[in-house]
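Contents: one structure, followed by commentary.
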Amino acid sequence: MIAIATALILLTPQKQEVITFNVDGAERQALVFAPKNKTSHPPLVFGFHGHSGNMRNAARSFQMHEQWPEAVVVYMQGLPSTGKIVDKEGKKNGWQFQAGEYKDRDLKFFDAVYDRLTKDFQVDLKRVYAMGHSNGGAFTYLLWSQRSEKLAAVGPSGAIAGTYRGQLKAKPAFIVMGEKDQLVRPVVQKLGIRYVQSLNGASGALKSGVQKGSKADLGLYIYPGDHAYPQNANKPMVEFFKSNRQ
């Protein structure tokens, strides 16, 4: 009976809830996973889907809540927005690329979620992280530039750091890139990684692993694939986050 009870506990699904926010009169939603393993002051991880994605797809793809059961994990839902490469008509969900776009609706949404969850879960404010893919990766870079003081480390994927040149300060970053990315050119992504290397005081070949920087560490996951997000990056990204705090 004890063995059976233990197995049932291990198989208990992680508690999740869709929370609704009102941001400048717009209804916004976020899918929140409470920690499976309780601690007094848990870390908090934000995950951002790509253009045309949604919060539930992000949860299935990024699996941050599964990789880090002690963390509060939130996957936020974007709104229809104009894509830089696809969906120029702006019919599908996405995120602002730069400060000031859409009256900063997504930065304000982040602030609202941050304020609510850090309070509700008594989050360790020195362990708050953001990651995302494609348009969500670009928004992660934007958060780095505009909300750096709230983040211990970031994990952008399939996006270009160079877009935010001059806006970023040294910060632990775990960058994911596909060598055959057909949407966001790898050569431009690599230039962005070199920029982050310089920013963090790191150096070395652009290959998977962690580079120790004089100002901040740089983690890389370079995979021989296209623009699709690689789930194999989830575990090393979480390990990188765990090793960095403010």
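Remember, it's a predicted structure, so these values are computed and weren't measured experimentally. The figures here come from the full heavy-atom set of this structure, side chains too, leaving out hydrogens, waters and symmetry mates.
- Criterion: ILVMFWY side-chain heavy atoms under 4.5 Å apart, direct or through other members. Under it, Val73 and Val123 are not part of a common hydrophobic cluster.
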> Hey, mind stepping through Leu220 and Lys207 against side chain to side chain contact (heavy atoms under 4.5 Å, CB included) and telling me if it holds?
Replying inline: CA-CA 6 Å; Leu220 296 175; Lys207 61 180 182 180; over 6 Å; no
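- A 4.5 Å side-chain heavy-atom check between Phe48 and Met131 finds every atom pair outside the cut-off.
- Listed by first and then second residue, the side chain to side chain donor-acceptor pair (under 3.5 Å) pairs involving residues 189-198 are Asp181-Gln189, Arg194-Gln197, Gln197-Gln211 (not counting sequence neighbours).
- Atom NZ of Lys38 is surrounded by more than 12 heavy atoms from other residues, nucleotides or ligands within 6.0 Å.
- His49 places no side-chain N or O within 3.5 Å of a backbone atom of Gln77 that could act as its donor or acceptor partner.
- Side-chain atoms of Asn57 never come within 3.5 Å of backbone atoms of Gly53 as a donor-acceptor pair (strictly under, hydrogens ignored).
- Shown here is Gln122, whose CD atom has no more than 12 heavy atoms of other residues, nucleotides or ligands within 6.0 Å.
- Cluster annotation: Val32 and Leu125 are assigned to the same hydrophobic cluster (Ile/Leu/Val/Met/Phe/Trp/Tyr, side-chain heavy-atom contacts under 4.5 Å, transitive).
- Each side chain to side chain donor-acceptor pair (under 3.5 Å) pair with one or both residues in residues 236-246, not counting sequence neighbours, appears once here: Asp124-Arg245.
- Phe33 does not carry Lys15 over the face of its six-membered ring by the limits of under 6.0 Å from the centre and within 45° of the normal.
- Between Phe110 and Lys150 there is a side-chain heavy-atom pair separated by less than 4.5 Å.
- Using modelled atom types, one finds no donor on one side chain facing an acceptor on the other under 3.5 Å when comparing Asn234 with Tyr221.
- Residues Ser61 and His133 have side chains that never bring a donor and an acceptor to within less than 3.5 angstrom of each other.
- With rounding to the nearest 0.5 Å, the separation of CZ in Phe109 from CZ in Arg105 is 10.5 Å.
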>> What verdict does the side chain to side chain contact (heavy atoms under 4.5 Å, CB included) test give for Gln96 and Leu142, after you've listed the backbone C-alpha separation in whole Å, the side-chain angles of each residue and the deciding distance to 0.1 Å?
In response: CA-CA 8 Å; Gln96 67 182 98; Leu142 181 62; 3.6 Å; yes
> When you look at Lys212 and Asp217, which way does the salt bridge (Lys or Arg N to Asp or Glu O under 4.0 Å) test go after all the steps?
Replying inline: CA-CA 5 Å; Lys212 291 293 182 179; Asp217 291 347; 3.0 Å; yes
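- Of the possible donor and acceptor atoms, one in the side chain of Arg127 sits under 3.5 Å from a partner among the backbone N and O of His41.
- The aromatic rings of Phe139 and Trp95 sit parallel to each other, their planes meeting at less than 30°, with 60° as the upper class boundary.
- Judged by distance alone, the side chain of Tyr229 and the main-chain N or O of Ala58 form no donor-acceptor pair under 3.5 Å.
- Checking side-chain atoms of Gln231 against main-chain N and O of Arg60 turns up a donor-acceptor pair under 3.5 Å.
- Partner of Tyr129 under the ring-ring contact (aromatic ring centres under 6.0 Å, His included) criterion, chosen from Phe46, Phe174, Trp68, Phe240: Trp68.
- Side-chain atoms of Tyr75 come within 3.5 Å of backbone atoms of Met64 as a donor-acceptor pair (strictly under, hydrogens ignored).
- Sequence neighbours left out, the pairs with a member in residues 19-33 that pass side chain to side chain donor-acceptor pair (under 3.5 Å) are Asp24-Lys108, Arg28-Asp106.
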